[in-house]
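Following: one structure in structure tokens, then a few remarks.
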Amino acid sequence: MTAGVPDGSAVRLALLTLVSAAALAFAIAVATAIGDYTIGLGTVFLAIGNGLGLTGAELPPIEESVVWDLRLSRALVAALAGAGLALCGAILQALLRNPLAEPFVLGISAGASTGGVCVIVLGIGAGSLTLSAGAFAGAFAAFGVVALLSNGATSGPNHTILAGVAASQLFNALTSYIVTTSGNAEQARNVMFWLLGSFGGVRWPDFQLLLVVVPMGLAVCIYLARALDAFTFGDEDAAALGVPVGRIRLALFAVTAVMTATIVSMVGAIGFVGLVVPHAARYVVGPMHMRLLPACAIIGAIFMVTADIVSRVIVAQQTIPIGVVTALVGVPFFALILYRARPQT
Amino acid sequence: MSVLAENLDWGVGRKTILHDVSISVAPGETLGLVGPNGSGKSSLLRLLAGLKRPRAGLVTINGKSVVQVPRKALSREVAFVQQSAATETSVSVLDVVRLGRTPHRSALSGWSAEDEAAVTEALTRVDMLGHRAQSWQTLSGGERQRVHIARALAQSPRVMFLDEPTNHLDIHHQIEILRMVRDLDLTSVIALHDLNLAAMFCDKIVVMRSGSVFASGTPAEVLTEELLREVFRVTAEVNCITPGAGPHIRFTP
Ligand SMILES: Nc1ncnc2c1ncn2[C@@H]1O[C@H](COP(=O)(O)OP(=O)(O)O)[C@@H](O)[C@H]1O
Ligand SMILES: [Mg+2]
């Protein structure tokens, strides 16, 4: 490929981008249309147009309100959360050189649950702290423990993974300790249920926060995409290619921690997206990060919005925790990729 | 560019691995680093390439201390071929060689014609152009090694450090690669096990033993029967058949 000359692969890439953007828009529209009170797709588009001041159609106020006040923000948060988690997974798989790495290997979900339990069960913060704030603090505490244990992220990747496992065990033990000694099983159950993931409570302010955090994370990661490629053959090799390994690792770990903690504290620890989406994306666009990272973001967004739709329609009148759906939808899909991607030996 | 190491000391924990190592390589020269397993060849190459900091002593390339030059600037001039590099990612040969252009590209710059030319030339030099679309995972050991050498060449370096680059290569490619490195306009330091190849292709040889320099000089000066007995614990006959072509070693049972 020479610079500036579009060839077959560039055309294919443009086509893929277009198709996936359309798929995402469609998924968001569907997610906004369906629910206990189903709204036509045409109405959805008009309501969105009205909200943005692009159209001036007369619509039933209730429908307009359901679309604009409830469902659209939820669908957009799902999209950004999916994009963010997938991105974090891709970064960690590259930095830790481990195909099993995902955002929660850094102990972040365990930390978030401890933080949540502290606020809800122990009443730390005396009502001024929300569950989200507690979870965010807990997630960051866990990340701090991992950073300490793995020597400021300067030691090898396996070291970091082991530190993450240790931190997860520590925080899970703390959570269990708090739950069993406080004796309020109902509250603990609420926290656990919340951790499995739900987009039920999200509104526009959540979207606005994610709209800052996720695109900024994406920008930083894209800026460092070349450096991430250089990690293919390990840290020392990256250094030999001119990458300041220690600084890049720390910067990327921090970005991952901020994105994951923000998402987890908002919608719970939704598993599997960060693990499975990067593999799917690699299968489509290859392993180099300049293409992989945007692909992860968009596939993650589509995947999460779709999972949210499934979680709402699969059982009538009930919403399944989103983490359950991502795993149920994700595993067969993942199996297919693993099967198709077997090395041709 | 010249490479100079003065009184290097390096170790891990309380263990001293290199002690008082000094070498000097003149611009354009090819230096062979030989010595038994564990004598410190790989460690020395890491210090020379600035990948590890010595506890004492100084490495300078073209008069500048390697630990003070920013990493990126350094890697535009210095390439390092590791003894064994592996990955689980399914990258193509072309992807791997393109990584060699990393130090020459800014974060968001496109792929230039110069980048393309460097990659194609590097692949051609190691005879791997026909494999460029193949997955790295499916290459043989020797082919992987050649791809890594191509990646180092794509860096367009002025100085190259190679750690046992001919290990998995067939004899044709061993000779081709060493001849290429010698004939390129490069200063190079190559860790080698094959003493005859070292004698054939290196201008100078440094013999390491237990983390120190045991001897250094031209192949004919260094590779003597006594040295082979003392350092490598082998008996051998050393003949200088053709004057100027370096000594030839025949190991005797
Ligand atoms: N990180 C390390 N920790 C402990 N020992 C090491 C380390 N790196 C190298 N060594 C030891 O230092 C010695 C020299 O190693 P090396 O430079 O790899 O030798 P060579 O390449 O000549 O075979 C060996 O005995 C090796 O075991
Ligand atoms: Mg070695």
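Labels below follow one simple rule: chain letters A, B, ... track the order of the sequence lines, proteins then strands, and each chain is numbered from 1.
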ask   = Donor-acceptor pair, B/Arg71 side chain versus A/Ala239 backbone, under 3.5 Å?
value = yes

B/Leu108, part contacting chain A, at a heavy-atom distance under 4.5 Å = both

note = So, the part of B/Thr120 with a heavy atom under 4.5 Å from chain A: the answer is neither

ask   = Picking from B/Thr102, B/Val96, B/Thr89, B/Leu99, which has the most non-hydrogen pairs under 4.5 angstrom with chain A?
value = B/Leu99

task = Between chain A and each of B/Gln155, B/Gln82, B/Lys52, B/Glu88, count heavy-atom pairs under 4.5 Å; write down the option with the most.
result = B/Gln82

note = So, the part of B/Arg101 with a heavy atom under 4.5 Å from chain A: the answer is neither

inquiry  = If I measure from the heavy atoms of chain A, does B/Ala86 come under 4.5 Å with its side chain, its backbone, both, or neither?
reply    = backbone

query = Can you tell me how far the CG atom of A/Leu241 sits from the CZ atom of B/Phe80, to the nearest 0.5 Å?
reply = 11.5 Å

ask   = How close do A/Gly242 and B/Ser75 get, heavy atom to heavy atom, and via which atoms?
value = CA-OG, 3.0 Å

key: Heavy atoms from other residues, nucleotides or ligands near CD of B/Glu114 exceed 12 (cutoff 6.0 Å)   = no

CD on A/Glu236 to CG on B/Leu51, rounded to 0.5 Å = 5.0 Å

task = Select one option (side chain, backbone, both, neither) describing which atoms of B/Ser106 are under 4.5 Å from chain A's heavy atoms.
result = backbone

task = Start with the C-alpha gap between A/Met288 and B/Asp95, add the side-chain angles, then the distance that decides, and say whether side-chain contact (heavy atoms from CB on, under 4.5 Å) holds.
result = CA-CA 8 Å; A/Met288 299 327 244; B/Asp95 289 335; 3.8 Å; yes

query = What do you reckon, is CG of B/Asp185 surrounded by more than 12 foreign heavy atoms closer than 6.0 Å?
reply = no

query = Going through the checks in order, is the side-chain contact (heavy atoms from CB on, under 4.5 Å) test met by A/Arg226 and B/Arg105?
reply = CA-CA 9 Å; A/Arg226 295 261 160 78; B/Arg105 304 174 76 191; 2.9 Å; yes

key: Atom group of A/Leu224 that falls short of 4.5 Å from chain B, counting heavy atoms   = neither

request  = Please indicate whether B/Arg55 has more than 12 foreign heavy atoms, meaning atoms of other residues, nucleotides or ligands, lying under 6.0 Å from its CZ.
outcome  = yes

remark   = Smallest heavy-atom separation, B/Ser90 atom then A/Pro287 atom, equals O-CG, 3.6 Å

task = First locate atom CZ of B/Arg151, then atom CZ of A/Phe233, and finally report the distance between them rounded to the nearest 0.5 Å.
result = 6.5 Å

